[in-house]
Amino acid sequence: MAKLNTPQGTRDFGPDVVRKRNHIFAVIRQAFERFGFQPLETPAMEYTSTLLGKYGDEGDNLIFKILNNGDKIYGQAQMAKDSRELALILCEKSLRYDLTIPFARFVVMNQGKIHLPFKRYQIQPVWRGDKPQRGRYREFFQCDADVVGSNSLLNEIELLQIYDTVFNTLGLSGYRMKVNNRKILTGLAELVGRPDLMLAITIAIDKLDKIGESGVREELAQRGLSGSEADKVMEFISLQGSNDEKLDRLTQLFAGSETGLKGVEELRYILGSGLTSFTRQPEIDLTLARGLNYYTGMIVEVKAPENVNMGSIGGGGRYDDLTGLFGLPGISGVGISFGVDRIYDVLEELQLFPETAQQGTQVIFFHPGAEKLAEVYGYVSRLRDRGISTEIFPDEIKQDKQYKYAEKRGIPYIAYVEDNAPGVVFLKSMTGKQRHQLTPAELDAFTF
RNA sequence: GUGGUUGUAGCUCAGUUGGUUAGAGCAUCAGAUUGUGGUUCUGAGGGUCGGGGGUUCGAGACCCCUCAUCCACCCCA
């Protein structure tokens, strides 16, 4: 037999895995719907030109490009001046890299048809040519909810509420929600006196929990900050205390930065509106930066419980001019994303999947032999009509084989008839070891 | 993309400093036993030792390349 494999970083999902994943999808979808988001799906592929340049240079390299069909590509290849242009010419289409950019493309394309504010959710796979490792795949699902066309901070509050709802419903009570505001980071750069290095500073401080204070210092120096400038950054990120304490302290620090103060006020409102309460209070994390540079307001990242080694399992934020990339300026958006595959890994590790997420067939009938098949099939049909997942073993083989099949499949009930007991259905619980002797009418009324 | 790890039957792994026909447990299949299955017994099938090349009289073991895997970095969900 030939050695078969799925491409690197992709996986098959067996029956029990699909069931458990569906449980996660259902919880997320239900929350999205409950908050009034509408479903949207976009194609697996987009024009390469739509995607290129939206995720930074690294992102461009990670986009899976699709070779053009047809036999003209050899000639086309001659026209390219460099490899970047080659990719554009040879690969007009690419697999989607996230759900946000395709959504922005959709909004711009359909600006005449959609009513703002537009709230959509999208649950689809995305593809990234990253090197796979734990919690990182080349094909994985994202579940996004975004609102475009509204500047209200109420959206931020609701989106955080969705995170809270979903993770609690999934039983992942130890999750941690970190929030920050891009304006605060801008304020920091102004405070330091290096607004030009805002991006460099955020990239450096984002690594604090990984490389420590000394590491951040080195990184800052490498990126061109002087010692005293770095001191200010370090003072800023070492702010401790409750959310309110941090906000109060920031208000003092940002006395000279209008942008910084704006960011503080936004967070103060989002976290202290009093409109709702969180099971797990979001925590202000001044080192939270998030890579995508289109964020402009609140940013949020969800981390797995501390005892699980897994990066972020969700993230999002506000972006003031996403559609501006496609020529439609002035529309603000805010959104969040769930990383289902990582959430799956975390729930699996913590054994948080409920039994019900695993339930498939409830009852299996043994094959009764040709003469009684019609009678038994009648029982099967009636159970199915009641909405009970029912199987009949398709082959007439020794009963002990059929038992083993039922046991392997984890089917909770087996049923059979016997020649010497006409009109009786034997129903046996595989777990409780009880055997019921039922008339057809009693079977119809039986609660599984 | 950079660095490292691992890769022997469907699964988990043995396999001594390179040396005869590559093993075990579990699983699978067949039969027996079990007076409705889970027990027990017997037997069988199944491996181009990830793939390719090289060193050697001889390679599952050593070297190179490649593929996959896991981990760290980068980045991210």
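Throughout, protein chains are lettered first and strands after them, A, B, ... in sequence-line order, and every chain is numbered starting at 1.
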Basic-acidic side-chain contact under 4.0 Å: A/Arg138, A/Asp130: no
For A/Tyr413, check side-chain hydrogen bond (donor to acceptor under 3.5 Å, both in side chains) against everything at least two apart and list the hits. none
In this structure, which stretches of RNA chain B are paired as stems of three or more consecutive Watson-Crick or G-U pairs, both distances less than 3.5 Å? B:1-4 with B:70-73, B:10-13 with B:23-26, B:28-32 with B:40-44, B:50-54 with B:62-66
Residues A/Arg136, A/Asp341: salt bridge by 4.0 Å N-O rule: no
Strand-adjacent residues in residues 367-382 of chain A, judged by heavy atoms under 4.0 Å from RNA chain B: none
Check: B/C75 base within 3.5 Å donor-acceptor of A/Arg136 side chain: yes
A/Tyr295 OH to B/C76 P, straight-line distance once rounded to whole Å: 10 Å
Using modelled atom types only, decide if a donor and an acceptor are shared between the side chain of A/Asp60 and the backbone of A/Gly53 within a distance under 3.5 Å. yes
Do the ring planes of A/Phe37 and A/Phe32 sit parallel (below 30°), tilted (30 to 60°) or perpendicular (above 60°)? tilted
Less than 4.0 Å between a side-chain N and a carboxylate O, is that true for A/Arg318 and A/Glu266? no
Taking atom P of B/C75 as reference, at what distance in whole Å does atom CZ of A/Phe140 sit? 16 Å
Using atom CG of A/Asp130 as one end and atom P of B/G1 as the other, report the distance to the nearest whole Å. 10 Å
Please tell me which of A/Gln399 and A/Gly315 maps to the more 5' nucleotide of RNA chain B, matching each residue to the nucleotide holding its nearest heavy atom. A/Gln399
Would you list the pairs meeting side chain to side chain donor-acceptor pair (under 3.5 Å) in which at least one residue belongs to residues 363-372 of chain A, sequence neighbours left out? none
For B/G18 and B/A24, measure between their C1' atoms and round to the nearest Å. 23 Å
Do any N or O atoms from the side chain of A/Arg194 and from the backbone of A/Ala189 form a donor-acceptor pair under 3.5 angstrom? no
Would you classify A/Asp341 as touching base, sugar-phosphate or nothing, given that sugar-phosphate means primed atoms plus P, OP1 and OP2, and contacts are heavy atoms under 4.0 Å? nothing
side-chain hydrogen bond (donor to acceptor under 3.5 Å, both in side chains) partners for A/Glu375, two or more places apart: A/Tyr379
Are B/A77 and A/Phe338 stacked, with the base six-membered ring and the side-chain ring centres under 5.5 Å apart and planes under 30°? no
Checking contacts here: which listed nucleotide (B/A27, B/G38, B/A30) is nearest the side-chain heavy atoms of A/Lys404? B/G38
Heavy atoms from C-beta onward define the side chain here; which of B/A32, B/C74, B/A30 lies closest to that of A/Lys401? B/A30
Nearest-angstrom distance from the residue atom OH of A/Tyr405 to C1' of B/U36: 19 Å
Touch check for A/Lys207, heavy atoms < 4.0 angstrom, all strands: base, sugar-phosphate only, or nothing? sugar-phosphate
Does any part of the side chain of A/Asn168, heavy atoms only, come nearer than 4.5 Å to the side chain of A/Tyr163, both counted from C-beta? no
Name the nucleic acid region contacted by A/Asn61, choosing base, sugar-phosphate or nothing; use a 4.0 angstrom heavy-atom cut-off, strictly under. nothing
Scan nucleotides 66-71 of chain B nucleotide by nucleotide, 5' to 3', and note B when protein non-hydrogen atoms come under 4.0 Å of the base, S if they reach only the sugar-phosphate, - if neither. --SS-S
Which is true for A/Ser337 with a 4.0 Å heavy-atom rule: it touches a base, it touches only sugar-phosphate, or it touches nothing? nothing
